[in-house]
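All remarks here apply to the structure that follows.
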Amino acid sequence: LISAIPAAAEGMRCDREELETRLLHRCLKAKAAGDLGLAILESLAARGALDLKACREALHVCGTSGSWREARALLRYLEQLGERRASDFGDAIRACAAGGQLEQMWQLAHEAEQMAAPADKGTQRAMMQACRHAKDVAGAEALWQRMCGRDAMLEGPPDPDALSVYLMLCA
């Protein structure tokens with residue numbers, strides 16, 4: 001399909017980049033990162049033609065689907081553009097958590113904290129779930145300590161769902 005894009009673009013009177021972007025937005029709107037969407041992402045990114053909106057939408061889809069490799073690649077792309085933000089880290093961390101990649105998840109969480117972009121409550125909940133699935137009691141304990149730290153408490157109490165997951169793991 002990707003190799004047929006130049007001919008299809010000519011038939012639609014638009015350029016390849018515009019057609020790829022349109023296809024990518026359709027794939028992402030359907031919340032389907034899938035092989036086609038990811039191939040288009042790679043093609044656009046390789047040429048430096050991936051727009052920020054599509055990149056962030058794809059990162060969000062990866063966060064819910066567990067496509068952690070793709071999420072890491074998208075985060076690197078945003079870094080090259082100088083456009084990374086806290087929500088981008090959150091999506092990439094959730095992708096690693098959903099994909100069962102705890103080492104990658106912790107690495108990104110540490111990197112986000114160094115940039116003063118601590119994980120939001122939804123991301124913390126996903127991280128706690130990943131610890132539970134991996135039976136990583138030490139990781140869950142460390143995460144809970146972070147969630148209950150003085151700076152974190154300024155934003156309000158820890159997420160009750162994360163507490164529930166933590167208690168189930170401890171039990």
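These numbers come from a predicted model, not from an experiment.
A distance of 13.5 Å separates CD of Q129 from CZ of R94, quoted to the nearest 0.5 Å. Within the model, atoms CD of Q107 and CD1 of I93 stand 10.5 Å from one another, a figure rounded to the nearest 0.5 Å. Taken to the nearest 0.5 Å, the NE2 atom of H133 stands 12.5 Å off from the CE atom of M128.
R69 is not listed as a side-chain neighbour of Q104, based on a closest heavy-atom distance of 4.5 Å or more. When side chains are defined from C-beta on, C131 counts as touching W106, because their heavy atoms get closer than 4.5 Å. The closest side-chain heavy-atom distance from H60 to R56 is not below 4.5 Å. Between E111 and R84, some side-chain heavy-atom pair lies under the 4.5 Å cut-off.
The minimum heavy-atom distance linking A98 with G63 is given by the pair CB-O, 4.2 Å.
When the shell of 6.0 Å around CD of Q114 is examined, it contains more than 12 heavy atoms from other residues, nucleotides or ligands.
When only modelled atom types and interatomic distance are considered, D161 and S164 share no side-chain donor-acceptor pair under 3.5 Å.
W68 and F89 are members of different hydrophobic clusters when ILVMFWY side chains are connected at heavy-atom separations under 4.5 Å.
Checked for salt-bridge contact, D91 and R85 miss the test: no charged N lies under 4.0 Å from a carboxylate O.
Contacts of E141 classified as side-chain hydrogen bond (donor to acceptor under 3.5 Å, both in side chains), with partners at least two apart in sequence or in another chain: Q145, Y166.
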